[in-house]
Amino acid sequence: MASNDSLKIVEVSKVAPFNDSSEPLSELRLPITLFDAFWFRFPPVERVFYYRLTEPSDPISCNSVILPKLKHTLSLTLRHFLPLAGNLTWPSRAPQPFILYTPNDGVSLTVAESDADFDRVSGDKPRGAIESHTLVPELAISEKTASLLALQGEFEL
């Protein structure tokens, strides 16, 4: 995003996998394979996907219709992909890292408003990576754990 574009964070929330009472979610551990460990040397993949709403929207309809549907759909999807809601962790006593999902885990979802020109930012012409940098959500990382997925959605001001 160019330096003259503004970005206003509206909401940061955690979306947990859908949990119906018929099958409660429990802790899940997945070991890291040799093929997974190869990718530790590289920074995480950061992708930006652009979607244009088909009809004009205002902040009220985004907050009352679009965002709840997006969160619900994400929650339903995470139910089938539990590891994505978890964290990569490496306890000091463990011989290797593993993916750990606990029932309190979820995916960070950041909602922002932007005055960037959608056609310029999403166009297929070359531009500096700095223009898209603020569009990429930050992964929560600490000494012993790292989030596997973070999402950020932006709407035009």
Side-chain angles (χ1 to χ4, degrees), residues 1-3 5 7 9-54 62 66-114 116 118-155:
M1 192 174 285
S3 60
D5 296 330
L7 182 74
I9 302 296
V10 175
E11 173 187 346
V12 177
S13 59
K14 182 172 77 170
V15 178
F18 181 74
N19 189 4
D20 59 3
S21 58
S22 66
E23 292 181 45
L25 302 176
S26 60
E27 183 176 293
L28 170 70
R29 290 177 185 235
L30 287 176
I32 298 297
T33 68
L34 180 62
F35 299 109
D36 297 323
F38 170 78
W39 295 102
F40 287 165
R41 291 185 276 163
F42 301 101
V45 173
E46 298 175 337
R47 295 182 188 220
V48 179
F49 298 98
Y50 300 97
Y51 299 95
R52 183 184 298 266
L53 298 176
T54 55
C62 284
I66 296 171
L67 285 176
K69 286 182 180 181
L70 175 71
K71 289 178 183 179
H72 182 67
T73 303
L74 177 59
S75 179
L76 291 171
T77 303
L78 288 172
R79 170 74 181 190
H80 300 286
F81 299 96
L82 279 180
L84 290 178
N87 294 289
L88 179 65
T89 186
W90 196 338
S92 57
R93 295 182 187 163
Q96 65 183 25
F98 55 90
I99 295 172
L100 174 65
Y101 167 79
T102 61
N104 295 328
D105 288 340
V107 171
S108 173
L109 175 64
T110 303
V111 179
E113 293 176 346
S114 171
F118 181 83
D119 292 323
R120 179 180 56 80
V121 175
S122 65
D124 59 358
K125 295 181 181 174
R127 63 190 161 281
I130 193 72
E131 292 187 52
S132 299
H133 185 69
T134 59
L135 302 174
V136 178
E138 292 185 29
L139 288 172
I141 297 173
S142 70
E143 287 289 320
K144 295 184 179 182
T145 65
S147 297
L148 295 177
L149 180 66
L151 301 171
Q152 180 169 321
E154 293 171 31
F155 300 93

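Because the structure is predicted, anything quoted here is derived from the model rather than measured.
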Rounded to the nearest 0.5 Å, the CG atom of Leu139 sits from the CG atom of Leu149 at a distance of 7.5 Å
In short, Lys125 meets Arg127 closest at the heavy-atom pair O-NH1, 2.9 Å
Which of Leu151, Thr77, Leu74 passes side chain to side chain contact (heavy atoms under 4.5 Å, CB included) with Val15? It is Leu74
For Ser26, the side chain to side chain donor-acceptor pair (under 3.5 Å) test, sequence neighbours excluded, returns none
Residues Leu78 and Val107: closest non-hydrogen pair is CD1-CG2, 3.6 Å
What one should report as the nearest heavy-atom pair of Pro91 and Phe98 is CD-CE2, 3.5 Å
For this session: Could you tell me whether the side chain of Ser75 and the main chain of Phe18 form a donor-acceptor pair under 3.5 Å?
Result: yes
Applying salt bridge (charged side-chain N to carboxylate O under 4.0 Å, His left out) to Arg29 and not counting sequence neighbours gives Glu27
*asked:* If you define the side chain from C-beta out and look only at heavy atoms, does anything of Thr110 sit under 4.5 Å from Val12?
replied: yes
For residues 92-108, the side chain to side chain donor-acceptor pair (under 3.5 Å) pairs (sequence neighbours left out) are Thr102-Asp105
By side chain to side chain donor-acceptor pair (under 3.5 Å), Lys71 pairs with (sequence neighbours left out) Glu11
| said: Would you say that Asn19 contacts Arg79 through its side chain, given a criterion of any heavy-atom pair below 4.5 Å between the two side chains? | reply: yes
task: Would you mind reporting whether Pro17 and Phe81 have side-chain heavy atoms less than 4.5 Å apart?
output: no
Return all side-chain donor-acceptor pairs below 3.5 angstrom for residues 34-46, not counting sequence neighbours, or 'none' if the list is empty.
unit_1, atom_1, unit_2, atom_2, d
Asp36, OD2, Thr33, N, 3.0
Asp36, OD2, Thr33, OG1, 3.0

Thr145 meets the side chain to side chain donor-acceptor pair (under 3.5 Å) criterion, sequence neighbours left out, with Ser142
Rounding to 0.5 Å, atoms CG (Leu88) and CD1 (Ile141) come to a distance of 9.5 Å
Heavy-atom closest pair (Glu113 atom, Val10 atom, distance to 0.1 Å) is CG-CG2, 3.5 Å
